[in-house]
Amino acid sequence: MESLPVEVVGNILSRLGAARDVVIASATCRKWQEAWRNQLQSLTFNSDDWPLYHEFSTSRLEIIITQTIFQTRGLQCLSIIMDDVDEFNAAPVIAWLMYTRETLRQLHYNVRTTPNINMLEKCGRQKLEVLSLAHNTITGVEPSYQKFPCLRSLTLSYVSISALDLSLLLSSCPKIETLTLVSLDIVMSDPLASMDLSSNSLKDVYVEAISLDKFILEADRLEKLHVKDCTLEVFELVGKGMLRILKIDDVSVIHLDIGESGENLEIVDVSNFTIMWAKFHHMISRSSKLRKLRLWGVVFDDDDEFVDIETLSSCFPLLSHLSLNYDLREAALQYGLQGLLERCPHLKKLVIHGVVSETKTHEECDTLANFTSAIVKLMRKYLHVDVQFEYE
């Protein structure tokens, strides 16, 4: 151990992450103490890492975090995740941010402050690459002053922010690639709850538990879009056909438009979603590169509409993974599997998701038995396809 360079020791301590483990390990010898003070790059205070965190008072936690941070030099990653703490006083939080602002590249922080402070103003903007904030309020974004030239990932969870400030914040991050928005309290200045976000660098967007009348996303380079548990009247994606992955999970939307962005889709994953079949088919029918398609719990507005698998299969010659919903209660038995298997020579995996009622009638049991027998008989001709059933 004595032969290890102090820089290597610093990397070892940084990989430990948890502040308590780092402090204990640094007591090994003088070299490790030196590495702790001068070479440590990452430090994490997480209430799940140490049971005693739950027993300390807020003021005691503030003192522990302050003393620990102030013994280091050159921190690049600081994570303060204290789920049991309602709020910290603003003074120590400002001190932590000001002390590390010259070197910090990643900041993860999820505790309210009293009074509220402008986290965007206090954290080091010049080198920050990853910013994750939760349970905070962001107001008065000034793009001309609060620029984040190196920021690549932004996560906002349970944050109160206006639609305008969020748009301005995004515009102040010229290199941002990943945006995550979860349960935002979006402050509106007019009766129409609308939000317009634009970025030329975004590649990955995740949106969860957000309700809006209108949400427009302009992202020419967007490759992955995941929308979950949202209520939207209008959602429009304006891009240049770079989208490869589209996931929609338990979303209520009246008008969904991804424009020309679907031409290069490779993965489409849709569950618990209602849409008109004609619109959905038009949205993905030009995705000739599609490899994976999952449709679980998808309801079409017209009762006469159904998943025309043969039509879909003709559009996706490269399809290798397919997951479909089979609802025994509705006896939805015919999915055109014969035509699908014939037209998709690259298909390797077929997953059928079914719903079976708790009180199964004799008719339902017969239907399930007949369906299983039909699938077994059919798949004897296509032994290269892995068939799986998932019932609930």
Subject >> Of all pairs that satisfy salt bridge (Lys or Arg N to Asp or Glu O under 4.0 Å), the ones with a partner from residues 8-20, not counting sequence neighbours >> reply: none
**OP:** Could I get the full list of salt bridge (Lys or Arg N to Asp or Glu O under 4.0 Å) partners for D21, not counting sequence neighbours?
**Re:** none
[X] with [Y]: basic N within carboxylate O range, under 4.0 Å:
X    : Y    : value
R152 : E129 : no
K349 : D386 : no
E266 : K289 : no

Taking [Y]'s backbone N and O only, do any of them form a donor-acceptor pair with [X]'s side chain (distance below 3.5 Å, no angle check)?
X    : Y    : value
T103 : L75  : yes
Y206 : E208 : no
N264 : G241 : yes
S57  : R60  : yes
S171 : L168 : yes

Original post:
Between W96 and F88, is the ring centre distance below 6.0 Å?
Top reply: yes
Original post:
Taking the six-membered ring where the residue is Trp, are the ring centres of F45 and W50 under 6.0 Å apart?
Top reply: no
Is [Y] close to [X] at the side-chain level, that is, under 4.5 Å between some pair of heavy atoms?
X    : Y    : result
L202 : I176 : yes
Q146 : E121 : yes
I69  : L78  : yes
V227 : D249 : no
S160 : V187 : yes
D269 : L246 : no
E218 : D196 : yes
V85  : Y53  : no

Subject >> Within residues 228-259 or reaching into it, pairs that qualify as ring-ring contact (aromatic ring centres under 6.0 Å, His included) - sequence neighbours excluded >> reply: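 Qualifying pairs, neighbours excluded: F215-F235.
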**OP:** Please check if any side-chain donor atom of S47 sits under 3.5 Å from a side-chain acceptor atom of D84, or the reverse.
**Re:** no
Original post:
Any chance the side chains of E87 and T114 put a donor and an acceptor closer than 3.5 Å?
Top reply: yes
Original post:
side-chain contact (heavy atoms from CB on, under 4.5 Å) with L197: which of L169, V205, L179?
Top reply: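 Among the candidates, only L179 passes.
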Subject >> Qualifying residue, where the test is side-chain contact (heavy atoms from CB on, under 4.5 Å) with L184 and the options are V207, L212, I138, V159 >> reply: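 The residue from V207, L212, I138, V159 that satisfies side-chain contact (heavy atoms from CB on, under 4.5 Å) with L184 turns out to be V159.
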Subject >> Between OG on residue S199 and CG on residue L154, distance to nearest 0.5 Å >> reply: 10.5 Å
Which atom names give the shortest non-hydrogen contact between [X] and [Y], and what distance separates them?
X    : Y    : answer
C123 : L128 : SG-CD2, 3.9 Å
G262 : S287 : O-OG, 2.5 Å
P317 : P345 : O-CD, 4.2 Å

Original post:
Quick one: do V298 and L256 end up in the same hydrophobic cluster if we chain Ile, Leu, Val, Met, Phe, Trp and Tyr together by side-chain heavy atoms under 4.5 Å apart?
Top reply: yes
Original post:
When hydrophobic residues are tied together by side-chain contacts of less than 4.5 Å, even through go-betweens, does L43 share a cluster with I63?
Top reply: no
